[in-house]
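These notes are about the structure you will find just below.
FYI, side chains are in, hydrogens and waters are out, and symmetry mates aren't considered; it's all heavy atoms of this structure. Quick caveat, the model's predicted, so the values are computed rather than measured.
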Amino acid sequence: MFRYNIPAIFVLFITLLATTAPTQLAQWKTENSITGLPADPRIVAALKQISAQRIQANIERLVSFQTRSTLSAQDPNSIAAGRGIGAAREWIKSEFERYSRDCGGCLEVKTDSFVEGPVDRIPKPTEITNVYAVLKGTDPENARRIVLISGHYDSRNSDTLDTTGRAPGANDDGSGTAVSLECARVLSKLRFPATIIFLTVAGEEQGLNGSRHFAEMARSAGWDIEAVLNNDIVGGDRNPQQDASVVRVFSEGVPAAATEAELRLLRNLGGESDSVSRQVARYIAEMGRTYDTGVKPMLVFRLDRYLRGGDHYSFNQQGYAAVRFTEYRENYNHQHQNVRTENGIEYGDVPKFVNFDYVANVARLNAATLASLALAPVPPGSVRLLTKELENDSTLTWEPSPGGRATGYEVLWRATTSPEWEHVEALGNLTRATLPHSKDNVIFAVRAVDEAGHRSLPVVPLPER
Ligand SMILES: [Zn+2]
């Protein structure tokens, strides 16, 4: 008797759920909740081109150089012998050049070389070379905007100063280098109004030397970098606790480059979770809902993991929006370790621990983000929240998105306690909006939209009295 009652209760419960769910959904929709963006068929097609086999081949090639220590050999003989960081650098360059030949010379392949040291972890003057490929934007007014992806091609073993010992660096950071390369190969088949830079840096393991030099160069040249996606340890190490459906996205809250006056404003207004880097992280989360990449971003609201740093920070220090992608669960036996077996435990960052399908999925999420941003209109300028009067409505104003691509604007908002944008109000081609929500209770932002539905990064308003 008892046995039959339980299913009956379940049936009733399920019936109740089925009858109440549509009403709840309807209410949810009328509140303009964020549900993901329209997928661009060109981006969907590009993501299908990303190949786990190519990524595997590229990581294995990087490992074949034995060591990519920044302090390892880069003389012509070692390059010819395929050993050391110089050989790795030349191979990456030739790979970018090959992609460029396949797209009618669409990529400009460049190097950024400089001499560093002696400094901590670089005992003598050492040439460090970043290698990058530029896919120039096709629209003169938008081409000055840059979205950038980076991975570090240098590696290390147990000893940061070991210049000759084996340092395969398959995951750290062959994986991130392979993501930059594969995004370059696939996205170079398309054209974008804005510019995309595919970067691989050296010197990361010695102290972020390569990325620091590059970010400083970008800042002093006045480059308008809208977002930096740094991929470091995205190999999806095959360990039992790994979750291959998730990739972490780290973003700074309070900007490293904020001035005293800006910090005062953040403190007064509760702006500590609205850095430009965090807007990029939220944009990536939206990409995860829009495109089927096979991996979901897990936003982590901190600069980086405990005791660790990465190349995104070099860009943050120059005031650029930059985030870090890293696998869900790292295996410290497979990073910064000499390759060996001890008490039955295998140490070392070798390819057999890398999940190449996972790296391909991470590359898809990166490619979707790069492509969407490069197709999007310029974010609206001078976004302001009018605070002259005490009132319960909120009025926002902004300057039109330059570059002529925006056909409308959207106001986003969320509760001050919410991690992601919750609501959206679509507006026409306006530069002012009044919403019946108190600015004291929510955080607002404005973004530009083009005809095809590409969205710019949102801009959080400054108060104007
Ligand atoms: Zn690394």
Side-chain angles (χ1 to χ4, degrees), residues 25 28-50 137 139 142 145 147 149 183 186-187 190-194 196 226-227 229 246-247 249 251 274 276-299 321 323 325 361-380 383 398 401 403 405-414 418-430 433 443-460:
L25 188 67
W28 187 55
K29 272 196 170 160
T30 54
E31 280 181 43
N32 302 321
S33 287
I34 300 272
T35 53
L37 302 172
D40 182 323
R42 280 170 299 175
I43 298 177
V44 172
L47 301 189
K48 290 204 179 101
Q49 306 273 307
I50 289 177
D139 176 43
N142 278 274
R145 296 165 51 215
V147 286
I149 183 169
C183 284
V186 167
L187 295 181
L190 303 175
R191 293 296 171 268
F192 302 91
I196 306 179
E226 253 179 41
L229 312 181
V246 170
V247 63
V249 180
S251 59
D274 281 285
V276 284
S277 300
R278 199 138 293 167
Q279 308 312 342
V280 171
R282 293 185 179 111
Y283 196 96
I284 293 164
E286 208 160 23
M287 289 296 106
R289 290 187 286 268
T290 303
Y291 292 98
D292 182 14
T293 61
V295 68
K296 290 288 172 206
M298 168 187 160
L299 305 193
V323 301
F325 289 81
N361 288 339
V362 173
R364 288 185 185 100
L365 181 58
N366 275 269
T369 307
L370 291 172
S372 298
L373 285 172
L375 286 164
V378 186
V383 182
W398 57 92
S401 157
R405 299 183 60 81
T407 54
Y409 298 88
E410 289 177 342
V411 175
L412 306 172
W413 68 97
R414 64 176 207 273
S418 297
E420 284 195 61
W421 300 110
E422 296 173 311
H423 309 283
V424 57
E425 179 85 34
L427 306 165
N429 208 348
L430 309 173
I443 294 168
F444 285 110
V446 182
R447 68 183 176 192
V449 187
D450 76 357
E451 217 161 24
H454 304 113
R455 266 71 170 181
S456 75
L457 285 170
V459 181
V460 173

Do [X] and [Y] have side-chain heavy atoms sitting under 4.5 Å apart?
X      : Y      : answer
Val446 : Leu412 : no
Pro297 : Glu286 : no
Arg447 : Trp398 : no
Leu365 : Met287 : yes
Ile43  : Leu375 : yes
Val280 : Leu229 : yes
Leu373 : Phe192 : no
Val147 : Ile196 : yes

Does any N or O in the side chain of [X] come within less than 3.5 Å of the main-chain N or O of [Y], such that one atom is a donor and the other an acceptor?
X      : Y      : answer
Tyr409 : Ser401 : yes
Thr293 : Arg364 : no
Thr369 : Ile284 : no
Arg278 : Ser251 : yes

inquiry  = With rounding to the nearest 0.5 angstrom, report the CG to OG distance, Asp450 to Ser456.
reply    =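 Answer for the CG-OG pair, Asp450 versus Ser456, is 10.0 Å.
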query = What distance separates Tyr283 OH from Arg455 CZ, expressed to the nearest 0.5 Å?
reply =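 So the gap between those two atoms works out to 9.0 Å.
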ask   = Are any of the side-chain nitrogens in Glu420 or Arg282 under 4.0 Å away from the carboxylate oxygens of its partner?
value =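 Here Glu420 does not pair with Arg282 in a salt bridge, since their nearest N and O are not under 4.0 Å apart.
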inquiry  = Can you tell whether the side chains of Arg414 and Asp274 come within less than 4.0 Å, N to carboxylate O?
reply    =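 Here Arg414 pairs with Asp274 in a salt bridge, since their nearest N and O are under 4.0 Å apart.
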Would you name the heavy atoms of [X] and [Y] that are closest together and state the gap between them?
X      : Y      : value
Arg145 : Ala376 : NH1-O, 3.0 Å
Ala445 : Trp421 : CB-CH2, 3.5 Å
Cys183 : Asn366 : SG-CB, 4.2 Å
Asp139 : Gly403 : OD2-O, 4.0 Å
Val249 : Ala281 : CG1-CB, 4.2 Å
Ala426 : Glu410 : CA-CG, 4.0 Å

Residues that Asp292 engages under side-chain hydrogen bond (donor to acceptor under 3.5 Å, both in side chains), provided they are two or more places apart =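 Asp292 satisfies side-chain hydrogen bond (donor to acceptor under 3.5 Å, both in side chains) with no other residue.
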